[in-house]
Amino acid sequence: MSEVCLKVNKLKTSFSTPYGKVTAVNGLDLVLHRGEVLGLVGESGCGKSVSALSILGLINSPGVIESGQILFDGKDLLQLNNDELRKIRGKKISMIFQEPTTALNPVYKVGDQIAEAIMLHQKVGYKIALKRTLELLSLVGITSPEIRMKSYPYQLSGGMCQRVMIAMAFSCKPEILIADEPTTALDVTIQAQILSIIQKMKEIDKTAVMLISHDLGIISENADRLMIMYLGKVMETGKVSDIFNNPLHPYTRGLLGSIPKRGTHRKYNKLISIPGTVPSLINMPNGCAINNRCQYAVPGLCNKKEPDLIKYEGTHYVRCWKYQGWDNE
Amino acid sequence: MDNDKKTSADSNRSLKRFLRNKFNLIGGIIILLFLLISIFAPVISPHPPNQVNLKMSLQPPSKTNFFGTDSLGRDVFSRIIHGCSASLIVGLGSVGFSLVVGSFLGVIAGYFKGSIGIVIMRFMDALWSFPSIILALGIAASIGPGIKNIIIAIGITFIPGFARVIYSQVLIVREEVYIKAIKSLGTKTSRLIFWHVLPNSITPVIVYSSLMAAQAVIAEAGLSFLGIGVIPPRAAWGNMLRDGYIYLGVAPWVSLFPGAAIFLLVLAFNFVGDGLRDVLDVRMTQ
Amino acid sequence: MIKFLGQRIFQMILVLFFVSIVVYSLIIIIPGDAATAVVGADASEEQLMIVREQLGLNEPVFVRYVKWVGNMLKGDFGRSMTTNHRVTTLVSIRFPITMQLTLCGMVLAVSIGIPLGIIAAKKNNSFTDMVLRAITSLGMSLPNFWLGLLLILFFSLKLGWFAPSGLIPIKQSFFGWMSTMILPALTIGTRFTAVVLRQTRSALLEVLRSDYIRTAKAKGLKDIKIIRSHALKNSLIPVVTVIGLQTGRLFGGAVITETIFHLPGMGSLIATAVSQRDYVVVQSGIMIVAITVLLINFIVDVLYAILDPRIRFK
């Protein structure tokens with residue numbers, strides 16, 4: 001594949017709570033290539049969003065990035081001070097969020113909020129910034145942008161606000177876009193539109209996209225590669241086609257099983273749900289993170305020792321004892 | 001059954017959280033202490049509170065008179081001990097009064113949103129637009145001084161606050177599914193309101209009560225200070241401040257110690273109120 | 001905006017109507033014969049007649065109420081029962097003094113409370129924040145009559161810096177006015193400052209946790225810029241409300257401060273009238289205070305709408 005633009009090594013982010021320390025991201029390794037879409041999938045609380053916020057240094061106290069490296073542009077972002085980081089945020093790496101309506105400041109016009117980013121990073125005046133804002137707004141498919149840019153966020157629908165967010169995110173032609181559940185809060189009909197806008201904008205600037213979602217359907221249609229996360233760890237990663245054709249991890253199989261397939265008759269395609277619920281990050285199980293919910297778990301092994309993420313074939317990696325010798329399937 | 005266990009564990013945890021906060025603990029202890037003092041006032045106080053001794057007028061603090069004496073030679077320490085009950089009775093009494101009336105009005109207004117609700121809440125707005133001390137002054141002027149009347153006067157000024165807190169809560173609760181479910185069973189409206197809606201709206205009121213008790217103590221002392229509160233010679237902290245205020249230059253202890261007592265009690269109620277707010281996780285704009 | 005103003009004015013008139021009923025009923029709730037309550041039980045029938053006439057007790061309640069409101073609308077608030085001065089004359093002298101006191105208290109609260117609140121929020125959970133929170137708790141609980149006495153004791157009697165009472169008019173000497181106003185302003189403004197500090201802190205903290213602040217950070221804005229242009233405007237909205245409500249309170253709370261410092265303001269006018277059973281002054285005085293408070297609240301609502309577009313356009 002093409003050149004690497006972001007590399008994350010052994011990232012560990014934790015939060016201190018009154019009930020003890022919670023490690024939300026535990027040793028994450030990640031590589032992002034120029035122009036690709038990487039999907040990050042998992043149930044809520046698995047550390048997808050925290051990973052994304054860690055990359056931009058947006059973890060607020062009581063959260064702390066404990067260790068790891070985030071290599072971008074030849075620099076480790078974790079070693080940069082706030083001022084140096086700011087020059088990257090919004091300019092080289094930008095981000096859009098789950099709730100577009102609350103992600104915009106309610107007391108400013110949306111056009112001004114986009115223009116603010118442009119003025120900041122491109123050192124241009126207000127007039128030029130507004131002109132560029134106008135172009136961006138029509139690029140993301142907002143009709144009559146001259147009027148819309150003078151609206152306040154509450155006057156726009158959720159989908160419209162997300163378009164504004166996308167316009168803002170792409171305003172400085174970033175190298176990376178992190179999209180944290182960009183369509184979760186939106187109507188199903190709007191979801192596809194938003195995703196196709198992201199695809200379109202990404203093509204223009206050859207931006208790498210990190211698409212975070214709990215929805216495997218969205219990922220399968222939009223991502224090139226994907227990572228399945230559970231309790232702060234990557235369980236399986238590889239090309240979308242590899243994982244969908246040959247899911248290895250029992251957890252991945254469970255997730256795939258819970259999407260109704262199109263075209264097949266319901267009767268013959270029973271929905272599988274993963275038994276149990278996600279354990280709390282405070283009482284992390286010993287051994288493999290998912291052993292208590294896994295029907296293949298081997299007592300004495302899976303609940304004692306944690307498997308490593310190992311190569312299955314090519315770019316397909318999995319974290320499961322099943323593929324490390326004990327199972328002669 | 002399972003549910004019961006959970007709520008008792010919850011309240012247990014709430015209690016623990018409440019006590020873990022040092023401010024709450026201090027506040028609670030101070031209130032308890034003042035309660036005990038007012039109950040056992042005749043036993044604890046070293047002198048009778050109204051014993052006049054003009055030879056001993058305006059004596060500074062000493063071994064016999066811990067906080068000195070006032071212009072009539074009365075022991076300030078003993079009078080503070082005896083004045084405690086007046087502050088507590090008015091503080092708790094007026095909050096109780098406004099709690100009952102305010103909650104009633106708030107629930108009615110919140111449950112019947114229509115014209116009844118509008119009239120009640122606009123009336124509450126009207127009461128609310130009076131600064132409470134001015135309104136209490138006016139009411140006390142009309143119905144006369146005395147503990148019972150101050151409770152009413154201060155209580156009336158607090159009604160709109162309670163009504164508003166309950167009202168906004170009821171507006172939320174009445175839309176809850178379980179209320180609709182009970183309604184669908186054909187329960188009588190009055191039972192529905194007082195048995196199901198009110199108890200589920202009460203949490204913020206608990207916090208508000210504690211904060212308002214602090215305000216009531218200040219208001220009582222203020223009214224007494226202005227001469228229309230507790231009727232002399234009954235000892236009350238506000239009265240004592242008023243008496244001592246003229247002698248501030250020569251005998252500051254006469255007014256400073258009762259003031260400190262008021263401050264302490266108010267602080268205690270505020271501590272408890274803030275603590276409850278954190279524990280019960282209530283958000284209020286006050 | 002015009003629609004919004006119209007609605008608010010209509011609402012205010014409605015509330016004023018209720019206010020007038022409340023104030024009017026203050027006379028009605030006087031137990032027994034109000035006239036007897038005024039002049040005492042041993043008064044002659046003639047005296048009683050005069051007082052009944054003054055209080056307008058000879059006609060049915062409704063008629064009296066309508067007359068009273070009608071007179072007020074004409075600007076006639078009656079005459080004092082003790083000095084026979086017009087209430088409007090009394091008020092015209094005293095109103096500015098209370099207003100000065102209130103504004104001084106407000107300036108104090110805004111100029112100290114908001115900056116300290118911002119510092120406390122920025123340094124959330126630090127030592128500075130803890131100290132500020134402790135001071136706030138104390139400030140909220142300090143009864144103003146006691147604070148006033150402490151200030152007089154320390155700054156006037158001990159240090160001799162300021163006069164313990166009285167007022168030098170602002171027209172006569174600005175610095176003289178300042179020196180007589182500073183202790184009363186501190187007395188009336190301390191609690192207010194604490195309230196503003198606390199409100200600013202919590203509002204700013206809440207805003208700083210919000211999604212759009214995260215967006216602003218993700219945009220690469222400087223922290224100072226984020227607070228100044230994104231957080232402050234939003235967090236000031238509830239602060240403005242509190243300032244407005246409290247300013248109204250302050251205007252009424254001035255009673256005690258004015259009494260302590262012997263300032264001839266509205267509060268001491270009403271307090272004196274109460275002790276002299278001068279019901280006309282009590283009634284009109286309270287009515288005027290309530291109208292003032294409502295006007296202040298109205299101004300605050302308009303400010304609120306200017307700050308928050310969501311309200312302006314609704």
Side-chain angles (χ1 to χ4, degrees), chain A residues 49 52-53 55-62 82-110 112-122 150-155 161 164-165 168-169 171-172 174 177-180 185, chain C residues 1 3-4 120-130 200-241 301-314:
Chain A
S49 295
L53 292 170
I55 292 171
L56 274 182
L58 292 177
I59 297 291
N60 286 328
S61 88
N82 201 30
D83 276 339
E84 291 165 321
L85 255 182
R86 279 198 303 102
K87 296 202 175 103
I88 293 173
R89 287 181 196 149
K91 187 178 185 185
K92 296 190 166 163
I93 305 178
S94 53
M95 189 161 176
I96 58 177
F97 303 96
Q98 179 169 348
E99 292 284 349
T101 45
T102 58
L104 289 164
N105 194 326
V107 302
Y108 292 109
K109 293 171 188 151
V110 292
D112 289 348
Q113 298 192 46
I114 299 174
E116 188 181 28
I118 298 172
M119 282 153 68
L120 179 73
H121 293 298
Q122 301 180 354
K150 290 191 186 110
S151 307
Y152 290 93
Y154 75 94
Q155 294 169 317
C161 284
V164 170
M165 285 298 292
M168 188 191 291
S171 63
C172 300
L177 171 76
I178 301 173
D180 186 1
Chain C
M1 191 72 188
K3 196 179 159 204
F4 168 80
K122 262 178 85 177
K123 306 197 167 178
N124 185 19
N125 286 329
S126 68
F127 180 72
T128 322
D129 183 33
M130 295 264 282
T200 308
R201 177 181 177 275
S202 64
L204 189 55
L205 273 181
E206 196 174 322
V207 169
L208 285 178
R209 275 194 292 263
S210 67
D211 286 357
Y212 55 85
I213 294 301
R214 194 180 53 189
T215 306
K217 279 186 193 162
K219 236 189 247 183
L221 288 175
K222 275 188 193 165
D223 285 356
I224 297 175
K225 181 108 204 279
I226 289 175
I227 288 191
R228 251 206 334 245
S229 64
H230 280 268
L232 218 50
K233 194 172 171 190
N234 293 286
S235 53
L236 278 184
I237 293 170
V239 176
V240 166
T241 320
D301 275 350
V302 174
L303 268 180
Y304 199 109
I306 291 171
L307 277 173
D308 194 339
R310 280 168 292 187
I311 292 165
R312 206 186 316 155
F313 288 105
K314 240 165 216 171

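Note that the structure is a prediction, hence the values are computed from the model and not measured. Chain naming here is simple, since letters A, B, ... match the order of the sequence lines and numbering starts at 1 in each.
- Heavy-atom pairs under 4.5 Å with chain C were tallied for A:Ala169, A:Pro106, A:Gly57, A:Ser171; the largest tally goes to A:Pro106.
- Put simply, of A:His121, A:Gln113, A:Glu116, the one with the most heavy-atom pairs under 4.5 Å next to chain C is A:Glu116.
- Between atom CG of residue C:Asp301 and atom OG1 of residue C:Thr241 there is a gap of 8.0 Å, rounded to the nearest 0.5 Å.
- Only the side chain of A:Leu53 comes within less than 4.5 Å of a heavy atom of chain C; its backbone N, CA, C and O stay farther away.
- For C:Ile213, no part lies under 4.5 angstrom from a heavy atom of chain A.
- Between the A:Tyr108 side chain and the C:Ser229 main chain, a donor and an acceptor come within less than 3.5 Å of each other.
- The structure places OG of A:Ser94 at 12.5 Å from CZ of A:Arg89, a figure rounded to the nearest 0.5 Å.
- Between C:Arg201 and C:Leu205 there is a side-chain heavy-atom pair separated by less than 4.5 Å.
- Looking at C:Lys225, only its side chain comes within 4.5 Å of chain A, counting heavy atoms on both sides.
- Contact between A:Ala117 and A:Cys172 at its shortest, heavy atoms only, is O-SG, 4.0 Å.
- Ranking C:Thr215, C:Val207, C:Leu208 against chain A, the residue ahead of the rest is C:Thr215, based on heavy-atom pairs under 4.5 Å.
- Looking at A:Asn60, only its side chain comes within 4.5 Å of chain C, counting heavy atoms on both sides.
- Heavy atoms of A:Leu104 lying under 4.5 Å from chain C belong exclusively to its backbone.
- Residues A:Met168 and A:Ile96 have side chains not in contact (no heavy-atom distance under 4.5 Å, counting atoms from C-beta outward).
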